[in-house]
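Chain letters run A, B, ... following the sequence lines, proteins first and then strands; every chain starts at 1. Predicted model only: the values in this text are computed from it and were never measured. What's counted below: heavy atoms across the whole structure, side chains too, no hydrogens, waters or symmetry copies.
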Amino acid sequence: MSENQKEVRVRFAPSPTGRLHLGGGRTALYNYLLVKKMGGKFILRIEDTDQKRYVETAEQEIIDGLHWLGIDWDEGPDKGGPYGPYRQSQRKEIYQRYAEQLIDQGDAFYCFCSTDRLSEMKRLQQQRKEFPHYDGLCRDIPVEEARKRIAAGESYVIRFKTPKEGTTTVRDLLRGEITVENKTIDDYIIVKSDGWALYHLAAMVDDHLMKISHVIRGSEWIPTLPLHHLILKAFGWDEPVWIHLSVFLKPSGKGKMSKRESADLIKDGYSIFLTDLKDLGYVDEAVTNWIALMGWSYDDRTEIFNMSQLIDAFSLEHLNPSPAAINFTKLDYFNGVHIRMLEIDDLAQRIQPYFEADGYTADLDTLKKITPIIQERIAGLDEAPKIAGFFFEKEVHPKLEDLVQKGLDAAQCADIATKSYQILSALPVIDKDHGEPEMRALVEELALKPAQVFGVLRVAVTGQKISPPLFESMEIIGQDVVLERIKNAEKMLKAA
RNA sequence: GCCCCCAUCGUCUAGCGGCCGAGGACGUGGCCCUCUCAAGGCCAAAACGGGGAUUCGAAUUCCCCUGGGGGCACCA
C-alpha cells in the first residue's frame, strides 16, 4: 500500500477525568463518520496517565455516552485489538523506552530543576512581561553526568529539546499552514518525575504505534501542534493528517462554558453532558444531528439527518474552523423533528421510563394508544407524562375556574355538562366516529363556539386546559370513566 | 504580556471571483388552519466588522486594523 492510500485509522482519546460533554461527543462523532464513510478503523484510547485526576466512573460514562449517540469502535480497552493495550496507564514502559531514545539521540534531556526554582523563574519572567518558559538550565548537562545524578537518587523529569532557531510549519487540513518561531516553543516536559509520560509524548507514540492516519481533535491542541510535529520528526515518523476542530462557545457566544455555568444549565432543562441530555428527554438521534451540524454542513438546505445519512453525506471538506455558540433552542427543534419521525411502538417504549419517573404506572398497550395523539405535541420525551399523565390517573381533579369557559358562567357550563352527558351516554361507544358529530350538533343547538363546549368537556375529562385531541382522548379513557368525570364536573359547576 | 486560531442575519450555517440587489434553518413577528396545545402552510424583519490592495469584476484573494476565541502546568 502506498503512502496516500493507507487505511484510515482514527482515534478518540478522552481522558477519564470528568464527564463526556458535547465537544467530546462531536469530536468522537466526526472521527466515527470519517471512518464509516471511508472505511477503516475507529480506536478508543483512554488517556489516563494522570492518576491524580483519574475519576473512577468516567470511563464507563464515556463508553455509555458514545454508545448512546450511536458510536461504536473497532479497537479499545473493552474490546482489545492488535495495537493494545488501549489504556495509557498500561503502556508506561513503552513511553519510557521512547523517551530514552530521544535522550540518546540528543532530542531530549534530563532536567533536575526543583519546582521551587521553576516557579520563581516563572514569576520573574511574568514580571518582565515575558511568556513563561523553561530557561534551559539543564539543557546541556552531559547525559553521562545526568545518569550519574539519577543513579545517586536525584529526582528528575525529561524535557523535549526544542530548537531555538528557525521556524516550524505544520499543515492542518482546515486551517492550512500554521507557522511558529521555534523560540516560542518551550522545552516541554514529556516525562514527569514519577516516571509517567505526558500527553505530548504518549499521544505521539501511541498514534504512531496504532497507525493513526487522521487526528481529529479540539482546537485547544493547536498551540502545541508544532511541538507534536517536532516530536514526530525527532522519531522520524510519518505525520497524520491533522484536523483541529473549533471549540464550542456558550450560548451567548462569549467564551467557553465554565464549570459553574455548565452545572447551572440543568435548571433550565439543558446540559452539555451527554448522559444528562438523555434524562432530560432528548432522543439520541436529535443530539447527534444537532452536534453534527455545529461545525459541519452538507449543503445550503439539508439539515435533518439520521446516522446513516450523516455517514453518506459526511466529508472533511465541509468542516468549519470557526468557533460555534451552542444553541439549545435548535436542539429542541431537532428533538421535536426526530420524535415525530419515530415509529409509534418505538416512541411508546421510549416514553415509558419518563412516565415511571413521574410516578405513573404506564402499561405499554395504553402507551401505544396514546403515542399517536401526543407525538407531534411533545418537544421532549419528558413532556409526555406532563401532557398525558392523566390517562393513568384513576380520577382527575379539575379546577372550577378552568371548567368555566370564556364568555360563559358556571350555570351555563353546568348545562353544557348535563347535555353532553345525555348525548354521550346515549352512544354505544365513544370513538373517532361516535361523539364528535353529536357534540357538534349540540354546539349548533346552543349557538356557542366549539371551543366553549369542548372546553368544558376537556377540563372535565382530562382535568387539564391543555390536552391531546378530545375525542381521541375520550376513546382511550373509555365511555364509563368519561361519563363519570362529566358527572363530577357537572356537580362542581352546579354547586358554584 | 507573548504565541496561535477565527470572522456572512441574534444563533447554526450555504457561499470556495461574475449564477449574490447574499440562500437555508432555529428563534422572533404576522396571517391561515384549528376543540385546547402542538404540528403544518404562507409572509415579514434580520448579515457579508472597518480600511486598503489585486482584478474588467470580491462576501469570496492578499495586507493592516478591530473584534472574538484558544493556549502559555510534572492536565489532557
No-hydrogen, no-angle side-chain donor-acceptor test under 3.5 Å, A:N182 and A:E165: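 No pair is found: no donor N or O on one side chain lies under 3.5 Å from an acceptor on the other.
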Test of understanding: with ring pair (Phe, Tyr, Trp, His ring centres under 6.0 Å), list the residues that count as partners of [X], not counting sequence neighbours.
X	answer
A:F131	A:H133
A:Y188	A:H200
A:F355	A:F392

[X] near the nucleic acid: base, sugar-phosphate alone, or nothing, with a heavy-atom cut-off under 4.0 Å?
X	result
A:G295	sugar-phosphate
A:W290	nothing
A:G336	nothing
A:K449	nothing
A:K122	sugar-phosphate
A:I185	nothing
A:T49	sugar-phosphate

Plane angle bin for A:Y270 and A:F328 - parallel if under 30°, tilted between 30 and 60°, otherwise perpendicular: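 Rings of A:F328 and A:Y270: parallel, as their planes differ by under 30°.
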Tabulate below the donor-acceptor pairs under 3.5 Å that side-chain atoms of residues 378-387 of chain A make, not counting sequence neighbours, or state none.
residue : atom : partner : partner atom : Å
A:E383  : OE1  : A:A379  : N            : 2.9
A:K386  : NZ   : A:D358  : OD2          : 2.7

Can you tabulate the close N/O pairs, meaning under 3.5 Å, that link protein atoms to atoms of nucleotides 35-41 of chain B?
residue : atom : partner : partner atom : Å
B:rC35  : OP1  : A:R440  : NH1          : 3.1
B:rC35  : OP1  : A:R440  : NH2          : 2.4
B:rC35  : O2'  : A:R458  : NH2          : 3.0
B:rC35  : O2   : A:R458  : NH2          : 2.3
B:rC35  : N3   : A:L470  : N            : 3.4
B:rU36  : O2'  : A:K465  : O            : 3.4
B:rU36  : N1   : A:R458  : NH2          : 3.4
B:rU36  : O2   : A:S467  : N            : 2.8
B:rU36  : O2   : A:S467  : O            : 3.0
B:rU36  : N3   : A:R458  : NH1          : 3.4
B:rU36  : N3   : A:S467  : O            : 2.6
B:rU36  : O4   : A:P469  : N            : 3.4
B:rC37  : O2   : A:R377  : NH1          : 3.3
B:rC37  : N3   : A:R377  : NH1          : 2.4
B:rC37  : N4   : A:R377  : NH1          : 3.4
B:rA38  : O2'  : A:E376  : O            : 2.3
B:rA38  : N1   : A:E376  : OE2          : 3.2
B:rA38  : N3   : A:E376  : OE2          : 3.3
B:rA39  : O4'  : A:E376  : O            : 3.4
B:rA39  : O3'  : A:R340  : NH1          : 3.2
B:rG40  : OP1  : A:R340  : NH1          : 3.3

Residues in salt bridge (Lys or Arg N to Asp or Glu O under 4.0 Å) contact with A:K250, at least two apart in sequence or another chain: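 Per chain and number, A:K250 pairs via salt bridge (Lys or Arg N to Asp or Glu O under 4.0 Å) with A:E261.
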Pairing residues for A:D415 by the salt bridge (Lys or Arg N to Asp or Glu O under 4.0 Å) criterion, not counting sequence neighbours: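 In terms of salt bridge (Lys or Arg N to Asp or Glu O under 4.0 Å), with neighbours along the sequence ignored, A:D415 is linked to A:K419.
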Any residue of residues 318-332 of chain A with a heavy atom less than 4.0 Å from an atom of RNA chain B: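 By residue number: A:H318, A:N320, A:P321, A:S322, A:P323, A:A324, A:A325, A:N327, A:T329, A:K330.
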A:W290 (side chain) donor-acceptor with A:E285 (main chain) under 3.5 angstrom: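 Side chain of A:W290 to backbone of A:E285: no pair is present.
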Pairs satisfying salt bridge (charged side-chain N to carboxylate O under 4.0 Å, His left out), at least one member in residues 115-125 of chain A, at least two apart: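 Listed by first then second residue: A:R117-A:D135, A:E120-A:R123.
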Any pair counted as salt bridge (charged side-chain N to carboxylate O under 4.0 Å, His left out), so long as it reaches residues 315-333 of chain A, sequence neighbours left out: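 Output for this query lists A:E303-A:K330.
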Euclidean distance for [atom1], [N] against [M] (whole angstrom):
N	M	atom1	value
B:rG27	B:rU34	P	23 Å
B:rC9	B:rA44	C1'	14 Å
B:rU36	B:rC26	C1'	26 Å

Set of residues satisfying side chain to side chain donor-acceptor pair (under 3.5 Å) with respect to A:T418, sequence neighbours excluded: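 With neighbours one apart ignored, the set is A:E490.
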Restricting both atoms to N or O, compile the protein contacts to nucleotides 1-3 of chain B shorter than 3.5 Å, with distance only.
residue : atom : partner : partner atom : Å
B:rG1   : O2'  : A:K129  : O            : 2.5

Distance test, side-chain N/O of A:T17 to OP1/OP2 of B:rA76, below 4.0 Å: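 Looking at the OP1 and OP2 atoms of B:rA76, neither is under 4.0 Å from any side-chain N or O of A:T17.
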Any donor-acceptor N/O pair under 3.5 Å between B:rC74 base and A:T115 side chain: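 Donor-acceptor pair under 3.5 Å: no.
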